[in-house]
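Got a structure for you, written out below as structure tokens; questions coming shortly.
Every chain is numbered from 1, with letters handed out A, B, ... down the list of sequences.
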Amino acid sequence: MVELKAKSALGGQSAVQIGAVRLQEVEGSKLSAIAPFAGVDAKLSEAMELAYGFGFPEPGQVLQKGQARCVWFGHRQALLIAATPDETLAELALITDQSDAWCSVSAVGAAAEDVLARLCPVDLHLRAFPVGHTARCPLGHINVSLTRVAADGFEIMAFRSMAASLWHEVTAAAELVAARAALP
Amino acid sequence: MRLTCPNCGERDIREFTYQGAASMLDRPDPEAGPEAWHAYLHLRDNPAGVTRDLWHHGCGCGAWLVVTRDTVTHAVHAVELVEARDAG
């Protein structure tokens, strides 16, 4: 048997602190996309409620209970994070394993909002984009899922193939924000 | 130009792709005959005024949208999900 080594999307990229933002790869969560079949939305929400303690998220919503998290991920789509898809869901929705298909980066710090505001054309103010809110939007030219995890923290998810570009975009923007902050 | 996606809210035009006239949703019966199919495939109105077309929110939620807009004033009157139209 060949011994295969698991490698993260950014291949062991260490965390960096640039000015007032810390950028770090988030690794290893199990990810499953849930796409409800037509006409069974209410049943699916009930089944999810029983299995995880939360239903199917509304657009822009993130639901969490313990470790398990469910992020709205697009039109009639949600991403279940850090939980095993329950058997009862299989009849109500199309479930696909997305683990390893996405690259996830966290941006935490006082400058996180300013850094992302340079890249994403959405209103990131805390009152418009509160903790637990999520959006699908562009980051530069990359289609990402952007979630606010804390007042000063975001998690950005992009296709794994875009990992290096995502890292380049956020680090470059962070350096510009830091340079501006350093001006006398 | 900005479109208000029913899922995502008001977003910039760069996130959307134009597909064509919303009449593409009204597919004729397979047996409707060559005239109806010719009209469906090839004939388009080009109104000075209110028009309806299909847009895809590809760099967002991925939904297909029917946009009602005015080609004279550039006003966007409505943005609906294609599914909402199907249901109604």
Arg69(A) side chain to Leu63(A) backbone, donor-acceptor under 3.5 Å: no
Is there a donor-acceptor contact under 3.5 Å linking the side chains of Gln24(A) and Ser106(A)?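 The criterion, which ignores hydrogens and geometry beyond distance, is not satisfied for Ser106(A) and Gln24(A).
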Treating Trp102(A) as the side-chain partner and Ser145(A) as the backbone partner, does any N or O pair qualify as donor plus acceptor under 3.5 Å?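 Such a contact is absent between Trp102(A) side chain and Ser145(A) backbone.
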What residues of residues 45-61 of chain B sit under 4.5 Å from chain A when you count only heavy atoms? Gly58(B), Cys59(B), Gly60(B), Cys61(B)
Selection from Gly74(A), Ala38(A), Pro138(A) maximising heavy-atom pairs under 4.5 Å formed with chain B: Pro138(A)
Which portion of Val144(A) sits near chain B, non-hydrogen atoms under 4.5 angstrom: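 Neither; nothing under 4.5 Å.
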For Glu155(A) and Ser104(A), which I'm curious about, is there any donor-acceptor pair between the side chains at under 3.5 Å? yes
Quick check against the 3.5 Å criterion: does Arg148(A) have a side-chain atom that pairs as donor or acceptor with the backbone of Ala151(A)? yes
Phe16(B) ring centre to Arg11(B) NZ or CZ under 6.0 Å, with the angle to the axis within 45°?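 Not satisfied by the 6.0 Å and 45° rule.
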Parallel, tilted or perpendicular: ring planes of Phe129(A) versus His133(A), cut at 30 and 60 degrees: perpendicular
Are Thr147(A) and Trp72(A) side-chain neighbours, meaning at least one heavy-atom pair lies under 4.5 Å? no
Taking 4.5 Å as the heavy-atom cut-off, does anything in residues 167-184 of chain A contact chain B, and if so which residues?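 Listed by number, there are no contacting residues, so the answer is none.
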Under 3.5 Å, is there a donor-acceptor pair between the side chain of Ser99(A) and the main chain of Leu31(A)? yes
Nearest non-hydrogen partners of Glu10(B) and Arg2(B), listed with the distance: OE2-NE, 2.8 Å
